[in-house]
Structure formats: C-alpha cells, structure tokens
Amino acid sequence: MSTSKMAAGCERVDSSHSMDKSITLPPDEIFRNLENAKRFAIDIGGSLTKLAYYSTVQHKVAKVRSFDHTAKETEGDPLYEISMQEEVSARLHFIKFENAYIETCLDFIKDHLVNTDTKVIKATGGGAHKFKDLIEKKLKLRVDKEDEMTCLIKGCNFVLRNITHEAFVYVKHADSEFRFQNTHPDIFPYLLINIGSGVSIFKVESEDTFERVGGSSIGGGTFWGLGALLTKTKRFDELLQLASKGQHTNVDMLVKDIYGGSYGSLGLTGDLIASSFGKSATPDKEFSKEDMAKSLLHMISNDIGQLACLYARLHNLTRVYFGGFFIRGHPVTMHTITYSINFFTKGEVQALFLRHEGYLGTIGAFLKGAEEDNPNQYSWGENYAGSSGLMSTSPDLNPMQRARSGTFDMLEMDRLERQLVNLPLLQDPSSYIPDTVDLSEDALAREYWLYCFEEALDGVVKRAVASQPDLPEAAERAEKFRHKYQHKLQTLRHQPFAYGSLTVRSLLDTREHCLNEFNFPDPYSKIKQGENDMALKYFQKAVKSLEELSWEQRQFALVRGLLAGNVFDWGAKAVSDVLESDPEFGFEHAKLQLEGMPLLERPWLVDAYDQWLERLKGPPHKCALFFVDNSGIDIILGVFPFVRELLCRGTEVVLASNSSPALNDVTNSELQILTERIAAMDLVIQSAVKEDRLTLVQSGSSSPCLDLSRLDKVLAGVVRERHVDLVIIEGMGRAIHTNYYAILSCESLKMAVIKNSWLADRLGGKLFSVVFKYEVPPGHKTTTLDHVPVTPS
Amino acid sequence: MEERNGHHGENEPETGENEDAAEPPPKQSRSRSDESNNFGLDSNNMETTTAGGSATDERRTSTSNYSSRQRIDSLRKTRPPFPWFGMDIGGTLVKLVYFEPKDITAEEEQEEVENLKSIRRYLTSNIAYGKTGIRDVHLEMKDLTICGRTGNLHFIRFPTQDLPAFLQMARSKHFSSLHTTLCATGGGAYKFEFDFRQMADLLLLKLDELDCLIRGVLYIDSVVSNPSECYYYENPTDPEHCVQKPFPLENPYPLLLVNIGSGVSILAVYSKNNYKRVTGTSLGGGTFLGLCCLLTGCSSFEEALEMASQGESTHVDKLVRDIYGGDYERFGLPGWAVASSFGNMVCKEKRESISKEDLARATLVSITNNIGSITRMVALNENIERVVFVGNFLRVNTLSMKLLSYAMDYWSKGQLKALFLRHEVRLYTGLKALFLRHEVRLSTGLKALFLRHEVRLSTGLKALFLRHEVRLSTGLKALFLRHEVRLYTGLKALFLRHEVRLSTGLKALFFIHEVRLSTGLKALFLRHEVRLSTGLKALFLRHEVRLSTGLKALFLRHEVRLSTGLKALFFRHEVRLSTGLKALFHRHEVRLSTGLKALFHRHEVRLSTGLKALFLRHEVRLSTGLKALFLRHEVRISSGLKALFLRHEGYFGSVGALLELLDPS
C-alpha cells in the first residue's frame, strides 16, 4: 500500500528518532512565495510530510518596444526602447520534510499566509487523518481528504509529462548509477508498482483510466516488521544499513546447498536462492543481524520483482515504474529490485524509478484541488533554481547540501506560457535525444564544463549588474545570484544526476533560472540593442555587395556571412573576451579574422557545402524553418541575407526565435522589430512579410540550446500547415550542444562556428572550426542527390 | 485408474499380509485373477504383465494375455533384482519409497539373501526409524502391481540432515552387497553422491527431479482411485461448508503443477513427456520453517504447524481495514484482506503484545498466500486452468491447503484472464490518415483464435487500404481467411486483392461474391458484398462467412461503411463460434467521424466454456480535437480457479525414481 499506511497508530514511535529538530535553513528559503500562495495540498506519510501550494511569482521581464519611426530618424537614436516590467507567472511549490517539523512548518505558514481566499487544504496519505485537527487548527483550513492511490497516479502522470528525465534506470557500480530515460511522447500505458507497507500494482492507460490490477501483502511493512522482530532493529533505514552489510548466503538455502553445484538442466545457477531462510530451519544455530536483514531484503525484493514481471507480462507492458517508501531513493532497494526484474524477465523489462517519486501523492492531491485551474492544460517545467535535485537529503551522498538545508527537499515548477509539443518533423520522437554529450556519463567533459561555467561566472555577474545601472541594489542581487549558481555547480559536481542527465544545456538553463530568480531577466539587453543598431547600418551595403556577385559566388558568400555572423556570441568565452576588450570588433573584423585563419579554408571540419550547392541548383524548397541564434550581426547580416536569397528562390521562410531572453540570443519580440526595420529598407523582405511568405514564430524556449521535443504548439501547427521541407539550425548551442545527431524527416542544415577550443578539440578541429552539416533523410528523393556524407571526422 | 488399490484409506488399520481377506478386491481385479491364477501365491495380482511398457500400459493390455508367459520371462530378465527403492533427496527431507513384494514364491524365498530379508522386515515392521525416520502408513499403497510383481508400496521420510545416519545404517546392513541400483533424484542425489559411495559403497543412479516428479504424479494418479488421489476443497470461501471432494483427473493436460518443497517450482505440463518449468520462488516450505525457527524457537515442521494452528495472524499482519477502517472500496479490496504481512510489527507496542503462535500463523499465511498469488498469475499467463499443488509443505497442513483453495478461488474471480492483445491506433488528422491495427490472440485450452485487422485510411490521398485476416484453429480444423481491399478514389479505381479486382470507371460498383465449398463433411459458405459509389464517396462492405464443420460452426459478419463526403466510417465486425459446448461471441465496431473528429471503437468477446465465462471488452475513444486517445480492454473470468491437491503430497519424486528403476525411459 503506501507510506502513509505505515503510519496508523505508530507514527510517534517510528518518526521520533534522533532527528535534529532545528531547521537549519531559514524557513523563508523553504516556503517561498507564501504571500500569494493558494490551493494547498498535503501528503503525510509515515515519516515524511509533503506540502504543495500554488503561488504566483512577480518578476521583472525585459520588454522591447519599437519607437515610432514615421519621423525621419536621426543618427544615434536607438532602434527600440527597453523597459523592465513586472510580470506575474504561476509556480508550483513542493516541499518535503520530516514529520517532526510539521508543527513548526504549519506555524510558519500561518504567519506568512496573506491570501485569505483559500478555505480548503487537500490531504492524502495515512497521516492526514492523524494530523487533521492540527492542520485545521493551525491553518484554519478545512482538510479535504483525497484517495491516496488516485493522487499517486495523477502525480505520476504529471511528472512524467512535464519533467524531462524524470524516470531512470538504476545501475549499481556503473560510472553513472542513474540512467535517465528519454520522455516518450506518449507516457501511457504503464505499470506502477507502489511498494509501501504492502504492494499495489496499477495499470495506467490514460489520464483517467487506471486500475489496481493486483498487489501483494509482502512489501515494505514486511521488511520493516519482520526485520524488527528478527534483528531487534527499530528503524527502517537502520535495517537497510544492516542489510547492506550482510551475507544472505549464510541464511538462505542456495541451489548449490541442495545440489552441490548448479542445476544445469534447468539453467539454475548454484548461487540462486532455492529457499529463503532455508538454512535457518534449525533450532540451535545463531545468525547475525546483518545476514538476516540481507536475506529478508533479497526475499522481499525478489518476490515483488517476480510479481511485477508476471503482471507486466499479463498486461503486455514494458514500462514499469517503482515507487513507495521501500524504494524512495534507497540505492540498496533500487539495486535489489532492478536485479530481480532483470532476472525474471531476462532483461526484457527494465525497472524504472522516478526522480520525484516522493512527491507524487502531494502533486496528485494538489491537482485534484486545482481542477478548476486546469493545470493539465498547460505545460510545466522544473525550475532548477528552486529545486533541490535528486538525493538532496540522502545522508551518505551530499553532506554539504544536507548540512545546509537540513532534511528539507524542494521542487518548484513553473507554468510555461505556451504548451510545448514535439517538432512534427522529428523522424522518431521516442528516440530523440536533444543533447549531444551526456556529461553525467562523461567525467572528463563534465569536469571541463563545470570549470568553464565557473570561470564564466564573474563575467555573467558583471554583465548582470551592468544591465541594470539604475537599480542600486543590483550589485547585491548579482552577488546572491553568484552564490546560488556557484552552489548549484557545486551540487552538480557531487551529484551530476541531480536534475536528470547533466548536459551543457542543463547548465545553461540552470544559469538562466538562477538569473531570473534574482530578477536579471535579460542581462544582455543593452548589448543586443547596441549591436542590432550597429548591424542594421550595414544591412543594405551587405545586400548590395552580395547582389554584385555571381550566383555561385553569392551562395558561398551567404554561407560564409552566416558563419561569420555566428562568431558574435557572448555565450562563448573565447569570443566574449575579444568583444569585451575591443568594442570596435565588427562584422568586417570577424570576416577578416576568419579569413585569416587557415581553418576557414575548405574543407571545413564538417563540410557538406558542395552537396548543399548542388541541392540549390534543384527546385526550391517549399518552406524553410530557421532556428536563429544571436542578435546583432548574426541575425541581421548573417541570417537575413540568407533568408532573402531563400525567399527569392520561392521558398517560404519561418523564423523561429526564443520566447524569452537567453544570453544575447535574439528574442521573438526583438526579431519583430528588426524585421519591421529591415522590411522598411528592403523590398524583398517587405513583400515577403506582406504576403506572409516570411513568418516569425516563437520557439517556446528561453534557452540558448534547443529541445525539439518541447516546442511551442503554434510553431508545430505552422510547420504542418506550411509543409516545411527544410529545417535550418544555427549556432553552437542549438546545432552542436544539442541536435547534432537529431534526425529529421526532411532536409536539414546545421551550421555553427565552434567557439570553444575544448569542444573543437573533441570534434577533432581547432577554435573557430566550421560545422556545415546538410542532411537528407534516407529514402528521401531530391533532384540532385542520393546520398550526402555528413559525419564529422 | 479404475482398478484396484482402492481399499486402503487413511483410517484403515495396518493389516499385514492377508489384507485381501479383509475386504473383497474390486470387481475387475477378481475377473483378472480368474484368468491368471496359475501364478504364484498372490497370483490374483500377478496378471498385469506387459513387457517394457509403463504401468498404465500394462493395465490396458492386461485382460487378454494369452502369451503372457513368454512376456513374463522376458520381463523377469530385464526386471531389476530386489530391493526396489526410489529416493528423492531434497533440501529438507529425504523421501524414500520402498516396494515390498508380497508375491514371493517359495523358490524365491529360498534364494533370497538374508540381507534382503532383514531390510524388508526392518522397513515393513516399523513405522519409525531412528529418531527422525517415519513411515507414512496412511499413504501405503497395497496390492500394487508394478513390473509384473505385486506388493505394497511404502512411503518413508527423514530429514536430509540425518542422511549420514541413514548411510551408516545402509553400511551396517551391508546394503551394497545386494548389488541393487539405487535410483535417486533431488538435489541431494548430486550433492551426496560421493558420500553414498564413500560411506555406504553405494552407486547412485541420478535422475532429474522434475522428470521424476511428473512421472510420479501421473503414475500415482493413474493407479489410485478410492479414495481419489486428487481432491479439492468445495466451498473454500465458506469455512462452515468447506469439504474435501474427490476430483477425477481425467485428461489432465494442460496442467500447472506447483511443487512446494523447501522452495517452490511451478511446472506447466502439456503431456506426459512435454513440460516446462515456468518459474519458481524461494519463498517456500523452507522459508516457513526457517522463519518460524528464528521467530518462535520451534524445532520442527510439525511443531511450527501446531503453533500456527493456535495463532492469530491478524494480530501480526496489517489488514486493509486497519488502514481504511473497512473495505478499500475505490479498488474493491475487502477489509479482511492482508495489506501488509507483518505490517503491525513495525510498532513496538504491537511487537510486545503478540504470541509466538501468532507469529507462526502469520508466517504460514504470508508464505501460503504468496505462493497462491504467484501461481494464480502463472496460471493466467500460461492460460492453464488446472492447478495441482504437491510437495511436503502441504503435509498435514490443511491450514495452507484451505487457504490456497480460498485464495485461488477468491482472487481469480473477476480477474483478468490470459489475453494477448495488441492494438494500435494512429490517427493524424493533419495528414488525414488513419492507421488501425488490431490483433487478438486468445487461447482457451486447445482452442485458439488469431485475428488480425488493419485499416489504413488517408482521405487526403483519397486512398483506403483495408486488410483483414482471421485465423481460427479449433482442434484439427483450421480456417484461414484473408481479405484485402485497396481503394484509390483519386485514381478512381478500386482493387480488391486475392478474391476481387474491380475498377470503378462508372463511379459506382456493386459487387456480390459467394463461395460455397464442400469437402466431405465440411462445408464453407462465404458471402461477400461490396458496394462502392465513389460519386457519393461511400463504400458499403459486407462480408459474411459461415462455416460448418461437423459440430463446429462459425458465423462471421463484417461490415464497413465509408462516406468520405460525411467523413464517417462505420465498421462492424462479428464472429460467432460454436464448438460443441464452447461458444464465442465476438463483436467489433469502429465508428469514425472525422468531421466530428471522433472515433469510437468497441470490441467485445464473450466466451462460455462450460462453467467458465470470459468477457472481453475493448474500447477506443479518440477525439483529435482534444487530441486524446482512450484505449481500454478487459477480459474477466467469472468463476474462480480451483486448487487441486494430491494425497501423496511430497512423494512423487521418489515414486518417479522407482519407476525409472523398473522402466527406464
């Protein structure tokens, strides 16, 4: 059944162990945003309480607004104005703490709760009954009980749908113990095995369709209860510790104890357990506590694993998730369950565990209470800044963090403004992995990138302060940001698995989350503004010089221009150092610098330019979807001329840019203004905008990287309607760190200049190496090409 | 099955040599003995003599044995010398069966060496050997004829840990001088092979444990009739009316054999020589005793059982009602069900308030229920309805047997039945394409139905691919039906493959097709109708198959209505199968209205095999507006699984070993 069931009657005994009763973290860092909190839910288990509430966060956003350009513009006027505005967004807070703190926590909430609309608190878990009066008295809220299992499944659906890398496979002794799973576009059907005091097995077929298909009375309570009788050890955790030290072969009767060896004809090896506790069937022998605990753990894990396999087979399911207090992040039980599942299914079924397993009940209860807000209608995202990460409270894993936050664990989720879906052009959405390198499995790469991000921190802090010259307390906030992000990097050094697979993307995203947390929504706004202004001045000249070239020369110049423009990237330290020291470093400089480099001589590091040129000699594409990168020279002098040529060829173009700021990447609202300005100077662009052949869409992202499985739903609609047959992805973050290996069902161009010497080295090139990858899906007919070699050397 | 051996029951006193006088032998035996009373003393039991064959074969041919003399001679040559033993050395117990010949002739008596006599006397005149050896007198099988000899089969057991004492005795009685082959099975046959040679100068003939087990079960069941070897508990859910009832194991296959020894092995037996070990669990009799020893300090199985019978497991276990105050109605869990075995023991106060008897009872209940639960799942997965429990865990353990009967019955009711269902729907209204794939595999006993169904509709491309396949195999009769329609309204042509091809130049098509097939007694009526009006963009498809093979009849009805103008598809599919007492109703319906962007799919199979009923329900609801897909399928059986038991619980392995000695396979 579940944790909570443990509770009834014996709560005090089992939860009042030697816990430090003081809260080491200031409560306002735990129960954040309480002022606007509403819709509370609580899940009280045998030892842990999980609280959930919905709140709104007020934070600053950078808005850009076009000036009125009807009047003749004067030199030096900025292109657009930037303003900071307050915006309200929705956030879900989940906090997990030991039952011992419940009263302190309720007091704190009561003192800080401003909102009085809330009348009800949804409650689930066995302890909900016991603490009902206390909650009602303290919070003056009516406790409304919800079915525990229903909450559990609702919560499970929610995390599977909204949190990337929620599920993982546990591999003991591997370099990375946690193998995170790709989120399958369709999360159903699955089997959920909840190992609480007993075991419940649910088959979940859709949001509303699930069934308890079976269960077993031999579960966590059996381990605990029987273990307590056998070893006189009272605490569950202590029992597990005993078990991890024991030798089960002293207690269990193995096949070799009966056969002397293996039972060959049946393929049963000698080490297999033939009879659990078979050796203890004698009145006069003593057995060690450790050995008995280990034998008990094996017996129960194997039994549950076997039942799980039988149910998975009967219902023809391969996705099997395990949860409940027996599992709850305990490496010992995850290992024994995994072992058992492997044994009984011969590897056909994998045991899957969830990062936020402990929160499922409270998330479900919360969702039950928030049905009128229809939370399932939105997409949600894990906020890395406000979430503790996996194993934050594990005693043996992270002493540093544990010391800091006591036993409090937090999860925060932001409501995204847009609903996110797969890019319809992904060849196989279920096997798509955005990230090129998984840093959690590559220790060298992890070491480098963590160092890299730490090195860059000073610059980011400086930039953040500079972006808000009018706000005196900006420096203080920036320091807070530095502290927070540094702490995150420290955490990730020890627990690279904290937020799923560690990737360059997740490091970048974490930084963006932390910046937003301290109200630095767009540190690069001023820089972007200046660069856009400057680049616009060159636009007409650049177009003119391109038009003077022959067709073939022009095609090459366009690609080169795009690559040169892409060098302007504040996200790359090698470039930002130059830009910082030489503000005059312009487009021409870049081209010269690149031209001066032997590396720019073709062949490039990855060079499919000839195939691309051949393709251009064929019929035009119907519609190109272009994921753009930086603002300034990149977008204006690199991307726009390229787009212009496509439009001239008769190809429609959809420009996809970030919904919110990230580094110096051009945002959708900036791009709108830029397009307007360029249209005013260029007839091709103007008519294309007018005739709707050039469209701007938001990607739904606010990351310097790109996850093609989480894109704005509107974008996906446009892709379908327009029959996009070419996808162009530009820049290191979107085309190298992510999507380098993404396979699309249409033609694609991935272009980037590698502005990081380590990465260049890894790919076998040097700094400022060029990747120009043109791919045609297998079996796809183009007029000129059958096969395009695209693999990097 | 119908023959002798019926005259000893549990309550029958030990009658020694002249047991036949005690009560009249069964009728058939007597008539046989009349025919063949020229053999020896107990000649009335000597007539069953067939060379080579197994015990059951002997019986079948025994009534007309004019040339029996010859065969007996040959048998005598191949027949191994006495003593005849079969031994099963398990992890906890050694099970020994000993055949005591009662038809020894005077001549034989003289030839018989003293050792042999003393062994026979020692084994048959005692019911206990040493401190721990026991002869299960109530299981003794009298007047059994094996391999041309008649005698009594004795069942003896002792703990595996006392094997050295046994070997010591064998040595002191000069067992090895008898030049007998000792057939042994079980793990100990391998583990202690060296000890047998070293300590008692005995060579073991090692035999596979499971082979012997199955051979033993089939043999004992075939020779025992009264009281029936196989029995079950009637009304297991009602303690007041729960009674033991004989169960005739005629045509026992397929059979799930659950052997509960120290551990548990679960075998699926499909025929005498065809079986597999499906799975097993380490939570068996050894676990019960092991845990009981640790928890209560008891020292024997009997003691543990005795304690268990006086205890109350609900003090130790946490029940559903302990958590919910009553039933957990949301999921249909009764309040009395155990939610967590030993769950109450996490509490210090409760740990201090329970008795050793309670602990023994809780251990017994949790081990037994767990075995029941795994068995039930295996029965569903393997699609086997007949479940037989054997093994020494059940010896004198009525508690567990009743619990198993109860659990198997209760939890299998309304449970999902073995079903392999594969179903896939993909609908892209953007691309205006529908892919529907449907597969049902149903195997009830020997009957199997394979249904494969595929519809691909792309109204954007104006193409319809319809593929339909039914494979039905009822016993030896098989029907293969394959049907394919391809429609390209863009090209204004319809191709119907295999059976039909047509082109709609006139934009309208009426097609009627009928096949009648009569091969011997089998007759097949096939009716097929397609009406297509591409002008109206509507397709009506009607398909009917009637099959009458002797007592078997199949009605298949199939209908597709497509109106792309209205963007609606109605699909109806029905199979009715009547094979003797078995009936299958199959209903299948798809409704697609892309205008409303909704698809309703309903599928239902009802199967009635004797007292068992199977309901299959299948439903898909798709609303592409909301982009939601609901897929539901359900099979339930209405009658519970029956747990069967055998009287000779743990001895089948050793009986099998004995049979191997007499008739090597």
- If one checks every heavy atom of A:Met299 against chain B at 4.5 Å, the contacting part turns out to be both
- Does atom NE2 of A:His129 have more than 12 heavy-atom neighbours from other groups under 6.0 Å away? no
- Query: Using a cut-off of under 4.5 Å for heavy-atom pairs, which of B:Leu291, B:Asn369, B:Thr281, B:Leu289 has the most such pairs with chain A?
  - Reply: B:Leu291
- Note on the structure: Cut-off 4.5 Å, heavy atoms of chain A, and the answer for B:Leu210 is both
- Message: Quick check on the interface: out of B:Leu294, B:Val338, B:Val264, who has the most heavy-atom pairs with chain A under 4.5 Å?
- Response: B:Leu294
- Task: Identify the two heavy atoms, one from A:Gln306 and one from B:Ile374, that lie closest to each other, and give their separation to 0.1 Å.
- Result: OE1-CD1, 3.3 Å
- Query: Name the one of A:Asp291, A:Asp257, A:Asp252 that satisfies salt bridge (Lys or Arg N to Asp or Glu O under 4.0 Å) with A:Lys279?
  - Reply: A:Asp257
- Looking only at A:Thr282, A:Leu296, A:Val251, A:Asn302, most heavy-atom pairs under 4.5 Å shared with chain B are made by A:Thr282
- Message: Quick check for you: among B:Thr92, B:Ile89, B:Leu295, which has the greatest number of heavy-atom pairs under 4.5 Å with chain A?
- Response: B:Leu295
- Query: Shortest non-hydrogen contact from A:Lys234 to A:Glu238?
  - Reply: N-OE1, 4.5 Å
- Item | Interface residue of largest heavy-atom contact number with chain B, from A:Gly215, A:Ala228, A:Pro189, under 4.5 Å | A:Ala228
- Ranked by heavy-atom pairs below 4.5 Å to chain B, first place among A:Gly225, A:Gly717, A:Gly227, A:Gly260 goes to A:Gly225
- Message: Tell me if the centroids of the rings in B:Tyr324 and B:Tyr328 come within less than 6.0 Å of each other.
- Response: yes
- Query: Would you call A:Lys154 and A:Glu146 a salt bridge, using N to O less than 4.0 angstrom?
  - Reply: no
- What part of A:Phe344 gets closer than 4.5 Å to chain B, counting heavy atoms only: side chain, backbone, both or neither? side chain
- Against chain A, label B:Glu209 side chain, backbone, both or neither, depending on which of its atoms sit under 4.5 Å from a heavy atom there. both
- Pick from B:Ala337, B:Gly91, B:Ala189 with the largest number of heavy-atom pairs that fall under 4.5 Å of chain A: B:Gly91
- State, yes or no, whether a side-chain contact exists between A:Val724 and A:Leu425 at a heavy-atom distance under 4.5 Å. yes
- Count the heavy-atom pairs under 4.5 Å between each of A:Leu307, A:Asp303, A:Ile273, A:Leu230 and chain B, then report the option with the highest count. A:Asp303
- Message: Counting only non-hydrogen atoms closer than 4.5 Å, does B:Cys298 touch chain A with its backbone (N, CA, C, O), its side chain (CB onward), both, or neither?
- Response: backbone
- Task: Side chain from CB out, backbone as N, CA, C, O: work out which of these in A:Phe188 comes under 4.5 Å of a heavy atom of chain B, or both, or neither.
- Result: neither
- Query: Hey, which of B:Gly286, B:Ser341, B:Gly263, B:Cys293 has the most heavy atom pairs under 4.5 Å with chain A?
  - Reply: B:Ser341
- Message: Below 30° counts as parallel, above 60° as perpendicular, anything between as tilted: where do the rings of A:His248 and A:His298 land?
- Response: tilted
- Step by step, work out the ring-ring contact (aromatic ring centres under 6.0 Å, His included) result for B:Phe331 and A:Phe202. CA-CA 10 Å; B:Phe331 296 108; A:Phe202 296 94; 5.2 Å; yes
- Message: For A:Leu268, which atoms come within 4.5 Å of any heavy atom of chain B: side chain, backbone, both, or neither?
- Response: side chain
- Message: Classify the ring geometry of A:Trp224 against A:Phe236: parallel below 30°, tilted from 30° to 60°, perpendicular beyond 60°.
- Response: tilted
